[in-house]
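The structure under discussion appears below in the form of structure tokens.
Worth knowing before you read on, the calculation uses all heavy atoms, side chains too, and leaves out hydrogens, waters and symmetry mates. Since we're looking at a predicted model, the values are computed, not measured.
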Amino acid sequence: MAQVIAGELSAAGIRFGIVAGRFNSFMTEHLVAGAVDTIVRHGGNSDHISIMYVPGSFEIPLACRKLAQSGTVDAIVTVGAVIRGSTSHYELVCGQLARGISQVALDEGLPVTFGVVTAENIEQAIERSGSKAGNKGSEAAIAAIEMVNLFKEMKKVK
């Protein structure tokens with residue numbers, strides 16, 4: 001029979017970093033609150049959450065790398081909001097953001113989850129920041145909790 005390895009949804013004892021882009025802060029604050037609430041509701045300690053603000057979403061990957069290298073967190077949750085405008089700026093920011101976050105996770109061997117809202121318009125962004133389409137910060141926190149616990153379970157496998 002196949003061995004199944006899965007991470008539990010308990011945040012007890014896990015140290016989290018949240019890296020948040022301040023640009024579009026009226027949405028980002030809801031994403032940060034959603035991530036913190038989710039961590040605490042799953043048994044995490046709010047004293048074990050560090051929140052780092054950066055100017056915008058483009059700066060998130062570098063802050064994640066520095067935070068990961070500090071050794072002070074077990075997982076990083078990223079949050080921010082990028083809304084399409086009338087120029088190609090959206091594609092450039094979103095592409096580099098996703099690539100950078102992924103690269104930090106791979107290079108540092110640390111769960112770095114993507115809770116950045118990427119939306120076509122402000123209505124979509126609001127919906128994904130705690131309205132009818134959920135809260136991407138909360139979803140990213142859940143993924144971080146599960147990944148940390150998955151890695152713990154992997155260490156137990158022989």
Taking all non-hydrogen atoms of both residues into account, name the closest pair between [X] and [Y] and its distance.
{"X": "T113", "Y": "A144", "answer": "CG2-N, 3.5 Å"}
{"X": "V77", "Y": "G137", "answer": "CG1-O, 4.1 Å"}
{"X": "G71", "Y": "R15", "answer": "O-NH1, 3.2 Å"}
{"X": "S57", "Y": "V93", "answer": "CB-CG1, 4.4 Å"}
{"X": "T28", "Y": "A20", "answer": "CG2-CB, 3.8 Å"}
{"X": "N24", "Y": "A81", "answer": "ND2-O, 2.9 Å"}

Please say yes or no: joined through hydrophobic side-chain contacts below 4.5 Å, possibly via intermediate residues, are [X] and [Y] part of one cluster?
{"X": "V54", "Y": "I101", "result": "yes"}
{"X": "V112", "Y": "I60", "result": "yes"}
{"X": "M52", "Y": "I76", "result": "yes"}

For [X], look at atom [atom1] and say whether over 12 heavy atoms of other residues, nucleotides or ligands are found less than 6.0 Å away.
{"X": "F114", "atom1": "CZ", "result": "yes"}
{"X": "R41", "atom1": "CZ", "result": "no"}
{"X": "K152", "atom1": "NZ", "result": "yes"}
{"X": "F23", "atom1": "CZ", "result": "no"}
{"X": "E8", "atom1": "CD", "result": "no"}

Evaluate Q3 against V157 for side-chain contact (heavy atoms from CB on, under 4.5 Å), listing each step before the verdict.
CA-CA 9 Å; Q3 182 178 18; V157 176; 3.6 Å; yes
Hey, what do you get for [atom1] ([X]) to [atom2] ([Y]), rounding to the nearest 0.5 Å?
{"X": "C64", "Y": "Q103", "atom1": "SG", "atom2": "CD", "answer": "12.5 Å"}
{"X": "F16", "Y": "I39", "atom1": "CZ", "atom2": "CD1", "answer": "4.5 Å"}
{"X": "E153", "Y": "I5", "atom1": "CD", "atom2": "CD1", "answer": "8.0 Å"}
{"X": "F58", "Y": "Q96", "atom1": "CZ", "atom2": "CD", "answer": "5.5 Å"}
{"X": "E59", "Y": "L97", "atom1": "CD", "atom2": "CG", "answer": "10.0 Å"}
{"X": "N121", "Y": "I126", "atom1": "CG", "atom2": "CD1", "answer": "9.0 Å"}

Side chains of [X] and [Y]: closer than 4.5 Å at any heavy-atom pair?
{"X": "N135", "Y": "R128", "value": "no"}
{"X": "I14", "Y": "H48", "value": "no"}
{"X": "L31", "Y": "K136", "value": "yes"}
{"X": "V116", "Y": "V82", "value": "yes"}

For [X] and [Y], indicate whether the former's side chain and the latter's backbone hold a donor-acceptor pair under 3.5 Å.
{"X": "S129", "Y": "H30", "value": "no"}
{"X": "R65", "Y": "E108", "value": "no"}
{"X": "D37", "Y": "A33", "value": "no"}

With sequence neighbours left out, write down each residue that passes side chain to side chain contact (heavy atoms under 4.5 Å, CB included) with I142, or none if nothing qualifies.
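L9, T38, H42.
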What residues, two or more places apart in sequence or in another chain, satisfy side chain to side chain contact (heavy atoms under 4.5 Å, CB included) together with A125?
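Result, side chain to side chain contact (heavy atoms under 4.5 Å, CB included) vs A125: M27, I83, V117, A119.
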Just to verify, which of V148, V73, V104, L67 counts as forming a side-chain contact (heavy atoms from CB on, under 4.5 Å) with L110?
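Among V148, V73, V104, L67, the one meeting side-chain contact (heavy atoms from CB on, under 4.5 Å) with L110 is V73.
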Applying side-chain contact (heavy atoms from CB on, under 4.5 Å), run through V19 and Y53 and close with a yes or a no.
CA-CA 6 Å; V19 178; Y53 287 95; over 6 Å; no
